[in-house]
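Everything numeric here is computed off the predicted structure, so don't read it as measured data. FYI, side chains are in, hydrogens and waters are out, and symmetry mates aren't considered; it's all heavy atoms of this structure.
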Amino acid sequence: MSKAKVIKPTKKVDWSKLKIYFRALFKNDAVKEIGLTKSIYIGAIAAILSVIISVVPLVVHTSQTNGSDFLNGSAVYNFDEAFYDFLLDAKENKYEIRFNHQDKTATLEGKTTEPTNNYLLYSHTYKASDGHDISRVDFQAYYVPNTIDFQTAFNSISTEITNQTIQARDASYVIFGYEGFAAALYKYGTSKFVNGVSGNYRSVSEEYSKLSDFLITNQPTYISNLSATLDKFKPFLDQCYKEGKRQMVLVQFGLGVALNSAITLLMGFVLWLLTRGKNNPNRGTKLSQTMNMAFWSTITPALIALIVGFILHNSAYDLMIYIICFGFRAMWLSMKQLPSYQE
């Protein structure tokens, strides 16, 4: 005779116990109750997740930047024409920069550059509307050989005075180094630095084997040749910046998490200090309990930072949103739930 099968009763989730955690999203009395009665370890996990969520917009915005962004604005300040003329000069004078995809390097052939003029390869002067050149330099190209430290040369070039009328660099440039690369855009006639990029050749595709690959001359007009050449150059800039972008994403993520974590811990400590008054009715509150309150106060500011960060789409405010929202909530919590007087 077979034995009757024993059916074990299934445990039902008691949703009423989770209600307080949902209330903690917008009610400070729930935050206080959780802080005083619940495990700090669960609160720490919630805080870690919240801090990570708060930096997601910053990380996403940083990962969406490209090396060619400085040439995607409405004004490129003659960079397109100057770079095109640089390529024509290289073709006419038979010098070339070749990119070695195995060694991830760039080598100049057919010409040499000297330290006496910061390894200048080409200099372009601004053309007035009447077609006549005037003596103001608006673009320069450089090649830094492997015998010279690229960073040292870059620092010297980026601070070089290019026109004596302005005692600062006011000309755009591209710097091809043996292992490093840099480019910058300036508003000609002023020392206004618009933006730029620096990187290396480690992610450059085999599509680019030499400098002349950028030159486009088969378009119907001169303007379309300029545009096509610049469009061919932009992916190269993105690839040069690719490794630097990965590093920047990691740095931004680390700094964001560290800063928001420090603010969270600081607020927990401040809440504890505010209860230390001799006649404070909350004097018996422990540091671990105020830390737990701070931990559970992070969720809503993190969600606000996530939503508003993507709406604003401005990385300059990504970190500040969490700090401001969390600061206001911690201040309100201390005033209403941990007052220094007996109500």
Side-chain angles (χ1 to χ4, degrees), residues 64-99 101 106 108 111 120-129 131 133-134 136-144 154 157-158 162 169-177 180-190 192-245:
Q64 290 175 340
T65 59
N66 290 305
S68 60
D69 285 349
F70 72 102
L71 294 177
N72 290 329
S74 57
V76 294
Y77 302 110
N78 213 38
F79 189 100
D80 51 350
E81 181 179 338
F83 182 71
Y84 188 78
D85 288 349
F86 163 53
L87 298 178
L88 290 177
D89 181 77
K91 181 180 180 180
E92 180 180 346
N93 291 289
K94 299 184 180 353
Y95 61 88
E96 186 71 271
I97 296 176
R98 297 191 180 276
F99 306 109
H101 297 289
L108 175 64
K111 193 174 182 178
L120 182 66
L121 188 60
Y122 171 81
S123 188
H124 184 271
T125 53
Y126 173 72
K127 292 182 180 179
S129 58
D133 289 356
I134 59 175
R136 188 168 67 240
V137 175
D138 65 345
F139 173 88
Q140 292 175 313
Y142 300 83
Y143 178 78
V144 180
F154 169 76
I157 292 169
S158 61
T162 46
R169 168 166 281 280
D170 62 334
S172 302
Y173 61 79
V174 291
I175 308 172
F176 294 92
F181 173 85
L185 179 66
Y186 284 79
K187 183 178 181 180
Y188 51 74
T190 72
K192 179 184 177 182
F193 170 71
V194 179
N195 214 329
V197 65
S198 62
N200 54 54
Y201 311 111
R202 294 172 189 169
S203 299
V204 172
S205 66
E206 294 187 1
E207 176 187 359
Y208 304 105
S209 61
K210 56 187 183 300
L211 181 68
S212 55
D213 289 339
F214 302 125
L215 181 62
I216 304 295
T217 58
N218 58 359
Q219 299 299 307
T221 65
Y222 174 71
I223 297 299
S224 58
N225 278 328
L226 294 185
S227 179
T229 297
L230 199 62
D231 288 342
K232 187 72 179 290
F233 185 49
K234 287 178 180 179
F236 175 82
L237 295 173
D238 296 338
Q239 293 168 14
C240 286
Y241 180 61
K242 193 172 183 179
E243 185 171 287
K245 180 167 69 173

Close side-chain approach of [X] to [Y], heavy-atom, < 4.5 Å:
X    : Y    : answer
V174 : Q140 : no
V137 : Y126 : no
N195 : L185 : no
H124 : D138 : yes
I97  : K210 : no

So, for [X] and [Y], which heavy atoms are closest and what is the spacing to 0.1 Å?
X    : Y    : answer
Q219 : S224 : CB-OG, 3.1 Å
Y173 : S158 : OH-CB, 3.7 Å
S68  : N72  : O-ND2, 3.3 Å
L226 : D80  : CD2-O, 3.9 Å
L121 : K111 : O-NZ, 2.9 Å
A184 : F79  : O-CE1, 4.0 Å

Distance check, rounded to the nearest 0.5 Å: [X] atom [atom1] versus [Y] atom [atom2]?
X    : Y    : atom1 : atom2 : result
R98  : S212 : CZ    : OG    : 7.0 Å
N78  : T125 : CG    : OG1   : 9.5 Å
R169 : F193 : CZ    : CZ    : 11.0 Å

### Query
Does the side chain to side chain donor-acceptor pair (under 3.5 Å) test come out yes or no for T162 and D170, once each step is laid out?
CA-CA 6 Å; T162 46; D170 62 334; 2.5 Å; yes
Is the backbone N or O of [Y] less than 3.5 Å from a side-chain atom of [X], with the two atoms forming a donor-acceptor pair by type?
X    : Y    : answer
R202 : E243 : no
Y143 : A106 : yes
T229 : L215 : no
K192 : Y186 : no
E96  : L108 : no
N66  : D238 : no
S227 : I223 : no
Y208 : K232 : yes
N93  : A90  : no
K187 : Y77  : no

### Message
Against Y84, only a single residue in F233, F139, Y222, Y122 fulfils ring-ring contact (aromatic ring centres under 6.0 Å, His included); can you say which?
### Response
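For Y84, the ring-ring contact (aromatic ring centres under 6.0 Å, His included) check succeeds only for Y222.
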### Task
Check the pair L237, F70 against side chain to side chain contact (heavy atoms under 4.5 Å, CB included), reporting the backbone distance first and the verdict last.
CA-CA 10 Å; L237 295 173; F70 72 102; 3.9 Å; yes
### Query
Taking the six-membered ring for Trp, are F214 and F83 parallel (under 30°), tilted (30 to 60°) or perpendicular (over 60°)?
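Taking F83 first and then F214, their aromatic rings sit tilted (interplane angle of 30° to 60°).
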### Task
Please list, chain by chain and in numerical order, all residues satisfying salt bridge (charged side-chain N to carboxylate O under 4.0 Å, His left out) with K91, sequence neighbours excluded.
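By the salt bridge (charged side-chain N to carboxylate O under 4.0 Å, His left out) rule, K91 matches no residue at all.
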### Task
List for me each residue that meets salt bridge (charged side-chain N to carboxylate O under 4.0 Å, His left out) alongside D89, sequence neighbours excluded, and say none if there are none.
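With sequence neighbours excluded, D89 shows a salt bridge (charged side-chain N to carboxylate O under 4.0 Å, His left out) to no residue whatsoever.
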### Query
Would Y241 and Q239 satisfy side chain to side chain donor-acceptor pair (under 3.5 Å), going step by step from the backbone distance to the final call?
CA-CA 5 Å; Y241 180 61; Q239 293 168 14; over 6 Å; no
### Task
State yes or no: are the ring centers of F181 and F176 separated by less than 6.0 Å?
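Aromatic pair counts; centres sit under 6.0 Å.
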### Message
side chain to side chain donor-acceptor pair (under 3.5 Å), that's the test. Do S209 and D213 meet it? Break it down for me.
### Response
CA-CA 7 Å; S209 61; D213 289 339; 3.0 Å; yes
### Task
Test C240 against V197 for side chain to side chain contact (heavy atoms under 4.5 Å, CB included), laying out the working first.
CA-CA 8 Å; C240 286; V197 65; 5.8 Å; no
